[in-house]
Every structure is written in structure tokens, then in C-alpha cells.
Amino acid sequence: MRIVAALGGNAILRRGEPMTGETQRANIRTAAQGLAQLVTAGHSLVVTHGNGPQVGLLALQSAATPQSPFPLDVLDAESAGMIGYVLQQELGNALPDRLVTTLLTQVRVDPADPAFGHPTKPIGPVYEQAEAQALAAARGWQVAPDGDKWRRVVASPTPLAILEAEVLKILVGQGVIPICAGGGGIPVVSLPQGGMTGVEAVIDKDLASSLLARQIGADMLLMLTDVAAVYRGFGTPGAEALGQVHPDDLSPADFPAGSMGPKVRAGVEFVRATGGQAGIGRLEDAAAIVAGQAGTRIVPA
């Protein structure tokens with residue numbers, strides 16, 4: 001199959017781990033070894049990844065400089081190159097006979113998207129509530145709860161088109177493993193006079209990966225995170241792990257907007273549009289999810 005595998009930011013940097021290059025490389029090495037199993041099994045692979053912790057840290061570093069800080073679209077590109085470099089290297093080490101490349105990916109959004117007025121996408125490190133609210137007041141941020149902690153939130157508009165989709169089709173057709181749509185891609189809008197320009201936002205990686213999978217004709221969208229499956233009633237005594245489900249049996253509104261909700265929406269949209277299948281589960285279970293032996297699989301009737 002042609003598989004778009006989306007690595008969650010929590011798979012690259014787990015909650016509570018130090019935000020160091022060594023920690024991220026160790027996690028990415030583990031991810032690369034799991035993804036390599038899919039290629040060894042004969043599947044064609046396209047890799048996307050999140051960037052929430054990394055782009056938030058870059059934004060903090062940028063804001064600390066005396067000059068004007070870089071806008072989020074530039075930091076999105078920076079984080080995509082940074083994570084893509086390590087992923088490309090570790091995938092190349094795991095698959096020495098395959099070509100691997102990283103492609104900075106522009107994603108068109110609507111400048112009138114209501115998401116710009118209602119930030120929901122968490123980025124950066126987690127804080128205690130009092131510290132988060134103090135930072136919000138000092139820096140002009142908007143913050144929101146994230147589990148038992150708080151994080152900065154930014155606009156997350158709906159992705160409309162992957163501008164490099166045709167380039168990616170060529171690469172996949174030649175047997176190259178592309179790493180793309182890093183952090184959901186670089187958000188851009190059309191200019192009235194023609195051309196594109198970046199905007200301040202971070203696109204949801206799973207929604208961008210779903211759109212990418214549709215545009216390049218993928219057979220499966222595989223979303224890998226640090227949770228074993230999609231759970232109804234997650235965090236409650238009656239939590240129920242979902243195995244194989246039909247899109248009509250899932251409503252993204254029933255799941256948290258900042259975590260599992262976008263994954264469910266991305267999977268449902270992909271399956272309905274293509275008749276393919278979507279999988280959600282732990283990074284270390286990637287091969288088992290594809291084989292239908294682990295995680296949650298969203299399948300057509």
C-alpha cells in the first residue's frame with residue numbers, strides 16, 4: 001500500500017521529557033526503526049510529523065531577541081527543517097538502500113478562516129496555570145488547559161491544498177521516501193495580485209496529512225502517537241478502546257479538540273473521500289496497526 005504515516009509531536013518528544021536534541025533524536029531513531037518495518041514489508045511510505053513542542057520553543061527563543069521575532073510561518077519552516085533533518089538521517093540509517101528526502105511543504109489556507117479569531121492549537125512547553133497566565137499577560141499570548149497543565153494556543157486554520165503535492169507524487173513514483181508537511185506544513189494564503197505569502201498559524205498535522213493522503217492517492221492514513229488506540233470516555237473508569245470502526249460510528253466532536261479530535265476527523269474525512277483506511281495508535285505498533293492487529297482502524301463499509 002501507499003501509506004502516509006503521521007508522527008505525532010508527542011511521539012517525537014514525550015510529555016515531561018527534556019526538550020533536548022539528544023532526547024528528540026533518540027525518539028526519532030525509534031520512530032525510524034518502526035517506519036522502516038513498513039518499507040521492508042513492501043509498502044510505499046510518505047512521512048509527516050508534528051512540531052508543537054519544537055515550534056513553541058523556537059517562538060520563545062525568537063521573542064527573546066532584541067530584534068522583531070520571526071513570524072510563525074517562518075518558525076514552522078524552521079522546525080520542519082530541523083525535525084526533517086534528523087528523521088531523514090535516521091530513516092536513511094535504518095534503510096541504507098533507499099532514498100529519503102525532506103521537502104518543505106506549503107499549505108494553502110483561507111485568510112477568512114474563523115480559526116484566526118479562535119486559537120486552539122497548543123504549542124511550546126507546558127506550564128502551571130499561574131505561570132501560563134502570567135506569560136499570557138506579559139507576551140500577549142492566549143493560553144488554554146492541556147491535560148493537567150496549560151500551554152500557549154495559536155490559530156489552526158483548515159488546510160485547503162498541499163502546494164507541493166505534484167512534486168511528492170513524482171518522488172513517491174521514483175521510490176523516494178519523502179518527509180513532508182512538517183508540523184502540518186507552512187501556512188500560506190493567496191495574494192490578490194497572484195502568488196502566496198505566509199500567515200501566523202500552525203496547521204494541524206493530522207488534518208494536513210489527511211489532505212495530503214487524498215491528493216497523492218494514498219491507500220492508508222496512519223496516525224502514530226503515544227496512545228494505544230482511540231478511546232470512548234478516555235480518562236474515565238468506563239474507557240473503551242475502539243478496534244475496527246466505520247466512519248459513521250465516530251464523531252470528532254466526541255473527542256478532545258486539542259488531541260484525539262483532529263485525528264478522528266482526519267481519519268473519517270480520508271476514509272469517506274477515498275474508500276481507503278485510517279489507523280490510529282502507538283508508534284511502536286505501526287506494523288501491527290497496518291496489519292489490523294493493534295490500534296484503531298477506520299474502514300469503509
Side-chain angles (χ1 to χ4, degrees), residues 1-54 79-103 105 168 171-172 174-184 205-206 208-209 212-213 216 218-230 241 259 263 266-267 277-297:
M1 294 190 294
R2 178 175 292 185
I3 299 173
V4 171
L7 302 180
N10 290 335
I12 297 171
L13 187 69
R14 296 179 175 87
R15 182 180 290 267
E17 288 185 331
M19 294 181 69
T20 65
E22 293 81 3
T23 299
Q24 293 178 72
R25 180 174 286 275
N27 290 337
I28 287 172
R29 183 178 299 120
T30 299
Q33 291 166 352
L35 294 173
Q37 294 178 18
L38 300 178
V39 177
T40 303
H43 300 296
S44 174
L45 188 64
V46 176
V47 181
T48 68
H49 60 82
N51 74 339
Q54 294 82 5
S79 65
M82 176 179 67
I83 299 169
Y85 154 65
V86 182
L87 256 174
Q88 179 176 325
Q89 193 171 76
E90 293 298 338
L91 267 175
N93 290 341
L95 296 164
D97 297 327
R98 298 298 299 267
L99 295 175
V100 184
T101 193
T102 300
L103 182 69
T105 313
L168 290 164
L171 290 171
V172 174
Q174 294 298 314
V176 178
I177 301 171
I179 299 162
C180 57
K205 170 262 308 169
D206 296 308
S209 299
L212 171 67
I216 68 170
D219 303 295
M220 184 174 190
L221 172 62
L222 181 62
M223 291 168 281
L224 301 171
T225 182
D226 58 353
V227 179
V230 177
S259 55
K263 290 178 172 55
Q277 56 184 295
I280 303 172
R282 295 185 303 180
L283 174 63
E284 54 266 38
D285 295 336
I289 297 169
V290 172
Q293 300 166 348
T296 297
R297 288 207 308 165

At their closest point, which heavy atom of [X] faces which heavy atom of [Y], and how far apart are they?
X	Y	result
A278	G267	CB-CA, 3.7 Å
A31	L7	CB-CD1, 4.1 Å
A229	A241	CB-CB, 4.3 Å
L35	A5	CD2-CB, 3.8 Å
A36	A94	CB-CB, 3.9 Å
T296	V230	OG1-N, 2.9 Å

Nearest 0.5 angstrom please: [X] [atom1] to [Y] [atom2], how far?
X	Y	atom1	atom2	result
D226	I12	CG	CD1	11.5 Å
L283	N27	CG	CG	8.5 Å
L45	M220	CG	CE	11.5 Å
I280	L224	CD1	CG	10.0 Å
L91	T101	CG	OG1	11.5 Å

- Query: Is T225 reaching over with its side chain to a backbone N or O of M223, donor-acceptor style, under 3.5 angstrom?
  - Reply: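 Pair absent, no side-chain N/O of T225 close to backbone of M223.
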
- Message: Looking at R2, is its backbone amide N or carbonyl O close enough to the side chain of S44 to form a donor-acceptor pair, meaning the two atoms are under 3.5 Å apart?
- Response: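 A pair under 3.5 Å: no.
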
- Query: Applying the side-chain contact (heavy atoms from CB on, under 4.5 Å) test to L212, which of T105, L221, V46 qualifies?
  - Reply: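 Option passing the side-chain contact (heavy atoms from CB on, under 4.5 Å) with L212: V46.
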
- Message: Restricting to side-chain contact (heavy atoms from CB on, under 4.5 Å), what partner residues turn up for T40, sequence neighbours left out?
- Response: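 If we apply the side-chain contact (heavy atoms from CB on, under 4.5 Å) test to T40, skipping adjacent residues, the hits are L95.
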
- Mind checking side-chain contact (heavy atoms from CB on, under 4.5 Å) for A41 and listing every partner two or more places apart, or none if nothing turns up?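 By the side-chain contact (heavy atoms from CB on, under 4.5 Å) rule, A41 matches H43.
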
- Task: Using the test side chain to side chain donor-acceptor pair (under 3.5 Å), find all partners of S79 that sit at least two apart in sequence or belong to another chain.
- Result: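 Only N51 meet the side chain to side chain donor-acceptor pair (under 3.5 Å) criterion with S79.
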
- Item | Residues that K263 engages under side chain to side chain donor-acceptor pair (under 3.5 Å), provided they are two or more places apart |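 For K263 the side chain to side chain donor-acceptor pair (under 3.5 Å) partners, ignoring immediate neighbours, are D206.
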
With a cut-off of 3.5 Å and sequence neighbours excluded, list every side-chain donor-acceptor pair involving residues 81-90.
residue : atom : partner : partner atom : Å
Y85     : OH   : Q89     : NE2          : 3.4
Q88     : OE1  : T102    : N            : 3.0
Q88     : OE1  : T102    : OG1          : 2.8
Q89     : OE1  : R25     : NH1          : 2.9
Q89     : OE1  : R25     : NH2          : 3.1
E90     : OE1  : R29     : NE           : 3.4
E90     : OE2  : R25     : NH1          : 2.8
E90     : OE2  : R29     : NH2          : 3.4

- Please list all pairs passing the side-chain hydrogen bond (donor to acceptor under 3.5 Å, both in side chains) test where one or both residues lie in residues 279-295, with sequence neighbours left out.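 side-chain hydrogen bond (donor to acceptor under 3.5 Å, both in side chains) check on residues 279-295 returns R282-D285.
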
Does [X] reach the side chain of [Y], with side-chain heavy atoms less than 4.5 Å apart?
X	Y	result
T48	C180	yes
L103	P178	no
I28	H49	no

